[in-house]
Amino acid sequence: MELISELQSLGLRLDDPAAGAQSRRGGAGPSDHKAVTVDGHTVMIPVHTAGAWSSPYVATQPGADGASRILRDGVEVGVVSFPHQPRFYKMQTFDGIPYGKIATLHGADVLATTILQSCIRYESRRKSCQFCAIGQSLAAGRTILRKTPEQLGEVARAAVLLDGVKHMVMTTGTPNATDRGAQLLCESAFGVKSAVNLPIQGQCEPPDDNAWFRRMADAGIDTLGMHLEAVTPEVRKRIMPGKATVPVERYMEAFAAAVEVFGRGQVSTYILAGLGDSDEAILRMSEQLIALGVYPFVVPFVPISGTPLEDHPSPDAASMRRLLAPLADMLESAGMRSGDAKAGCGKCGACSSLSSFERK
């Protein structure tokens, strides 16, 4: 648990950058990471950030057994391995698009995709989330703008059959100020479920009409993520000026309505520690969320190169332990566990050591 927290805060240098599954640069959500298996738990570790390049932690080239030694300042502190490159990456869709441009392997067994690789706020630095890199992977040609339901279904089926994928995360850039991506999620989930029975988490901002929650569930979405990222109004306005126009109060209303549809523990939110919210503020918000039946997935902020926050530091491992330990206690008292989710970020747990505190 301590090694995971250290690696997620400080990053990791690699003697063999090609080891394991391909790492990810840019794009929506967490990026500039590589999947690493520590004590049987696969987590995402920063490898392409400025902090990672100066990390005291180094992974040696994997041996014949696939194991790699972790050295800190030259002293061995652990052994890790890397998930293999997925077989579905070698394929392409019927219309000639490489599968890896449609969806990627996240962690050990999660398929992740950004349905729409653009956002109504991204081109305006006065409105965009200051940590977001949704346009970078598109500009670099590593993905396509819009993934069709047919493409998503084709890739999901192959990922299940060839690589044993267990669940899927669908996120999207915000296309409008009304349904905020809910319609895209409905169409995409229906396309996947028509091809393969794979649990799906959809992720979007709260739509303007709570009726969308039932529509998403009916289309095949099993769990829902609506991500606060920051919890206090002043931090939200500074870090995500456009998204902050959807107030926290609307999120709380939407959470309550979504839990009625998806069930307790099947709605979650992503909270980034280290952006300016105090531990007390995050824990107070988490307490309210848990009372509603929402799982607060708290992760350390990791800066992405090329964004306005590329030089913003990640929280250190000790501060993350101080935050996650009481949060895990709150979750335990409420009988809420990440593993009970049908799909999504909390169930995967790769971007935070929170589930390690739960297991403890």
Would Ser353 and Ser5 satisfy side chain to side chain donor-acceptor pair (under 3.5 Å), going step by step from the backbone distance to the final call?
CA-CA 6 Å; Ser353 57; Ser5 297; 3.1 Å; yes
Thr269 side chain to Leu228 main-chain N or O, any donor-acceptor pair under 3.5 Å?
yes
Can you tell me if Glu6 uses its side chain to pair, donor with acceptor, with the backbone of Glu2 under 3.5 Å?
no
Quick check on the hydrophobic clustering: are Leu162 and Val196 connected, directly or via other members, by side-chain heavy-atom contacts under 4.5 Å?
yes
Identify the two heavy atoms, one from Pro303 and one from Leu309, that lie closest to each other, and give their separation to 0.1 Å.
CB-O, 3.2 Å
Other residues, nucleotides, ligands: >12 heavy atoms within 6.0 Å of Glu253 CD:
yes
Treat each ILVMFWY residue as a node, draw an edge where side-chain heavy atoms are under 4.5 Å apart, and state whether Met240 and Met252 are in one component.
yes
Quick check: is Tyr89 connected to Leu161 through a chain of hydrophobic side chains (ILVMFWY, heavy atoms under 4.5 Å apart)?
no
Can you check side chain to side chain donor-acceptor pair (under 3.5 Å) on Gln117 and Lys147, steps first, answer last?
CA-CA 9 Å; Gln117 203 79 30; Lys147 290 81 172 177; 3.0 Å; yes
Relative to each other, are the rings of His312 and Phe301 parallel, tilted or perpendicular (30° and 60° limits)?
perpendicular
Test your reading of the model: is there a side-chain donor-acceptor pair from Gln203 to the backbone of Gly344, 3.5 Å cut-off?
no
For Pro315 against Ser9, the heavy-atom pair lying closest together
O-OG, 2.9 Å
Between the side chain of Lys243 and the main-chain N/O of Arg236, is any donor-acceptor distance below 3.5 Å?
no
For the side chain of Gln266 and the backbone of Leu224, is there at least one donor-acceptor N/O pair under 3.5 Å apart?
no
Is the shortest distance from a Lys or Arg side-chain nitrogen in Glu187 or Arg146 to a carboxylate oxygen in the other one below 4.0 Å?
yes
For Leu289 against Pro296, the heavy-atom pair lying closest together
CD1-CB, 4.0 Å
4.5 Å side-chain heavy-atom contact, Phe297 and Cys351
yes
Taking Leu283 as the starting point, is it possible to reach Val294 by hopping between hydrophobic residues whose side chains are less than 4.5 Å apart?
yes
Sidechain-backbone polar pair: Glu358 side chain, Arg337 backbone, donor-acceptor under 3.5 Å
no
Taking Ala343's backbone N and O only, do any of them form a donor-acceptor pair with His167's side chain (distance below 3.5 Å, no angle check)?
no
I'd like to know if the side chain of Arg180 reaches the main chain of Pro206, judged simply by a donor and an acceptor atom lying under 3.5 Å from each other, with no hydrogens or angles considered.
yes
Ion pair present between Lys193 and Asp222, side-chain N to carboxylate O less than 4.0 angstrom?
yes
Does the pair Thr114 and Thr171 meet the rule for a side chain to side chain donor-acceptor pair (under 3.5 Å), with working shown?
CA-CA 5 Å; Thr114 303; Thr171 190; 5.7 Å; no
So, for Gly349 and Ser355, which heavy atoms are closest and what is the spacing to 0.1 Å?
O-OG, 4.3 Å
Parallel, tilted or perpendicular: which describes the rings of Phe88 and Tyr99, with under 30° parallel and over 60° perpendicular?
tilted
Are there over 12 heavy-atom neighbours, none belonging to Arg157, within less than 6.0 Å of that residue's CZ?
no
What's the shortest heavy-atom distance between Leu10 and Ser55, and which atoms?
O-CB, 3.2 Å
Over 12 foreign heavy atoms within 6.0 Å of CD, Glu332:
no
When rounded to the nearest 0.5 angstrom, what is the spacing between OG1 in Thr223 and CE in Met216?
11.0 Å
Does Thr113 use its side chain to pair, donor to acceptor, with the backbone of Ile102 at less than 3.5 Å?
yes
Rounded distance (nearest 0.5 Å) linking atom CD of Gln92 with atom CD of Glu154
9.5 Å
Linking I/L/V/M/F/W/Y whenever any side-chain heavy atoms sit under 4.5 Å apart, do Trp53 and Val58 land together?
no
Is a side-chain donor or acceptor of Lys101 paired with a backbone partner of Ile144 at a separation under 3.5 angstrom?
no
